[in-house]
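The structure under discussion appears below in the form of structure tokens.
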There are 2 protein chains.
Amino acid sequence: MGEHGIQFDLNSDLFIKDPQTSSYGQKLLSASILLFDDLGFESFTFKKLAQAISSTEASIYRYFENKHKLLLYLTNWYWEWVGYLINIHLINLEDPKKRLKVVIHQIVNASNESPLTPYVNENILHKVIIQESSKAYHIRDVDKENKEGLFESYQTLVDKVACVIKRLSPSFAYPYMLASNLFEMSNNQIFFAEHLPKLTDIKNNKDKYNKLEEAMCHMCFKILN
Amino acid sequence: MGEHGIQFDLNSDLFIKDPQTSSYGQKLLSASILLFDDLGFESFTFKKLAQAISSTEASIYRYFENKHKLLLYLTNWYWEWVGYLINIHLINLEDPKKRLKVVIHQIVNASNESPLTPYVNENILHKVIIQESSKAYHIRDVDKENKEGLFESYQTLVDKVACVIKRLSPSFAYPYMLASNLFEMSNNQIFFAEHLPKLTDIKNNKDKYNKLEEAMCHMCFKILN
DNA sequence: GGTAAATAGATAGTAATACTATCAATAAAT
DNA sequence: ATTTATTGATAGTATTACTATCTATTTACC
């Protein structure tokens with residue numbers, strides 16, 4: 001049961017058995033991130049994942065109902081992690097402007113932080129989130145799964161950011177819209193820079209995360225002035 | 001070959017045979033919009049579509065390689081249509097502010113315009129775009145398909161909007177980012193209002209499109225001042 | 001250290017999906 | 001009236017997304 005690093009408390013309807021709690025499960029998570037990155041959601045199968053960890057399909061089905069739930073688990077883990085980083089960086093920071101700056105920095109640049117767990121490569125997970133996370137909620141059963149709380153980590157995180165926005169600008173009418181848009185915009189614009197460059201002003205070079213952060217700060221503070 | 005209504009010139013790699021050019025193809029399009037809306041992309045199959053138009057799988061495969069290409073065809077059609085509406089409403093309109101207002105109105109409210117074609121229900125197509133369009137480009141082969149020009153309609157449209165932004169505010173550094181974000185934001189916030197209300201300030205009532213338009217205008221003009 | 005309980009491996013099987021191929025029937029174009 | 005293009009009917013294959021069962025191996029704990 002070798003427990004390593006931090007663990008997040010994720011909604012228990014996401015999994016059959018929480019992979020964070022066993023070394024097999026941690027291997028599963030670790031390999032699934034690499035494989036989602038490699039194959040994309042559509043080509044990813046439990047059979048291929050089983051091969052990657054020298055295991056069997058049946059064993060993986062003991063942890064997750066299907067690959068959708070696995071992706072949802074990873075996205076929830078990711079948002080919990082970003083929320084955790086934001087919390088840490090907001091401690092003892094009172095200035096509302098600086099607080100929002102820190103939030104935007106963490107949204108865009110979280111994956112450059114030092115790793116928290118041996119079995120999650122946050123950097124590659126971020127890539128997976130950019131490419132695949134929208135598929136986790138653009139589904140037929142979104143209402144049912146929302147009732148079950150399967151998107152809670154994201155909603156809590158958006159609420160956290162909305163509160164930072166409200167503290168800076170209490171009269172602003174759309175704090176939740178702006179907050180969720182910050183997350184969606186960040187993912188989209190990185191994706192566009194990498195794949196559909198005509199849809200963004202961000203160039204696909206090393207500096208892109210910093211440039212994006214700058215752009216998002218610029219727009220955000222204009223909106224809130 | 002009964003040709004009805006307007007036709008858009010879509011990239012020929014989207015289809016094997018352009019469905020706009022035959023009455024069978026038009027029936028196919030018409031039914032596919034309803035079926036995507038009904039089932040969602042994942043549960044949609046060519047077999048079910050064939051049943052819906054009393055035809056066979058094999059016949060549908062003569063028009064489209066797979067359901068991904070069909071969805072991509074519909075999204076391109078949709079963006080061509082929005083572009084067409086924007087063009088019409090910008091004729092003889094010189095004031096840069098009013099031009100941007102019209103653009104935002106069309107992005108959010110296009111589906112309330114009077115229908116252009118008998119075989120496309122633009123209103124339901126808009127719903128499909130909101131729910132499914134992001135899956136059309138979040139794919140492994142995005143770079144290859146982009147080279148083939150399969151996302152051209154969207155890129156042209158974003159460029160059109162970016163130009164309207166530039167005319168209003170020539171010194172603004174991120175016109176493409178803002179333009180693509182207007183489209184993505186519009187779809188996302190409607191989706192959130194309907195399914196994940198904690199992520200937005202827009203309430204899910206009749207007025208939501210107008211409220212969203214108002215919110216987007218407010219933020220957009222703040223950014224460009 | 002020994003035994004029960006939990007976990008993982010191995011294998012098999014099924015229904016549905018995503019196609020491809022072939023040939024006959026029908027509608028359109030000349 | 002006849003060639004040509006289009007659609008229908010049917011069959012077949014590999015892969016996917018599971019479920020079930022039984023055995024082997026760890027792990028927990030007394």
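All figures in this text were calculated on a predicted structure; none of them were measured in a lab. Any value given below was found using the heavy atoms of this structure, including those in side chains, with hydrogens, waters and symmetry copies removed. Chain identifiers are assigned alphabetically (A, B, ...) following the order of the sequence lines, protein sequences preceding nucleic acid strands; residue numbering begins at 1 within each chain.
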Length of the line joining A:F44:CZ and D:dC18:C1', which is rounded to integer Å
15 Å
A:I60 has an atom CD1; how far is it from atom C1' of D:dT19, in whole Å?
15 Å
Closer than 4.0 Å, any side-chain N/O of A:S59 to the OP1 or OP2 of C:dG9?
yes
Do B:N181 and A:Q189 get their side chains close enough for a donor-acceptor pair, meaning under 3.5 Å?
no
The side chain of A:K48 is closest to which nucleotide in this list: D:dC18, D:dT16, C:dT7?
D:dT16
Among D:dC22, D:dT7, D:dG8, which nucleotide has an atom closest to any side-chain atom of B:Y63?
D:dT7
Taking any heavy-atom pair under 4.0 Å as a contact, classify A:F64: base, sugar-phosphate, or nothing.
nothing
Whole angstrom is fine here: how far is it from CG in B:L49 over to C1' in C:dA18?
14 Å
Minimum-distance nucleotide (side-chain atoms of B:A58 versus C:dT7, C:dG9, D:dA9)
D:dA9
Does a donor on one side chain and an acceptor on the other come within less than 3.5 Å for B:D18 and B:Y73?
yes
Distance from A:D143 atom CG to A:E148 atom CD, nearest 0.5 Å?
11.5 Å
B:Y24 has its side chain closest, among D:dC18, C:dG9, D:dG8, to D:dG8
Can you tell me how far P of D:dT7 sits from CG of B:L28, to the nearest Å?
10 Å
D:dG8 phosphate, OP1 or OP2, under 4.0 Å from B:S55 side-chain N/O:
yes
Spacing of A:L71 atom CG and A:F36 atom CZ [to the nearest 0.5 Å]:
5.0 Å
Rounding to a whole Å, what distance do you find between B:R62:CZ and C:dC23:P?
14 Å
Candidates D:dT7, C:dA18, D:dA9 - which lies nearest the side chain of B:E57
C:dA18
Any donor-acceptor N or O pair under 3.5 Å, side chains A:Y154, A:S133
no
Taking only side-chain nitrogens and oxygens of A:K17, does any of them come within less than 4.0 Å of OP1 or OP2 of C:dT7?
yes
Reckon B:K67 touches a base, only the sugar-phosphate, or nothing at all at heavy-atom distances under 4.0 Å?
sugar-phosphate
Rounded to whole Å, please give me the gap between CD1 in A:I16 and P in C:dT7.
13 Å
Just checking A:E65: base, sugar-phosphate only, or nothing, at a heavy-atom cut-off of under 4.0 Å?
sugar-phosphate
Classify the nucleic acid contact of A:Y61 as base, sugar-phosphate or nothing, counting any heavy atom under 4.0 Å across all strands shown.
base
Pairwise 5' ranking along DNA chain D for B:G25 and A:E42, keeping only the more 5' one:
B:G25
Find the distance B:K27:NZ to C:dA27:P and express it as a whole number of Å.
12 Å
Return the value, rounded to whole Å, for the distance between atom NZ of A:K69 and atom C1' of D:dA17.
15 Å
Does a side chain donor of either A:S55 or A:Y24 reach within less than 3.5 Å of an acceptor in the other side chain?
yes
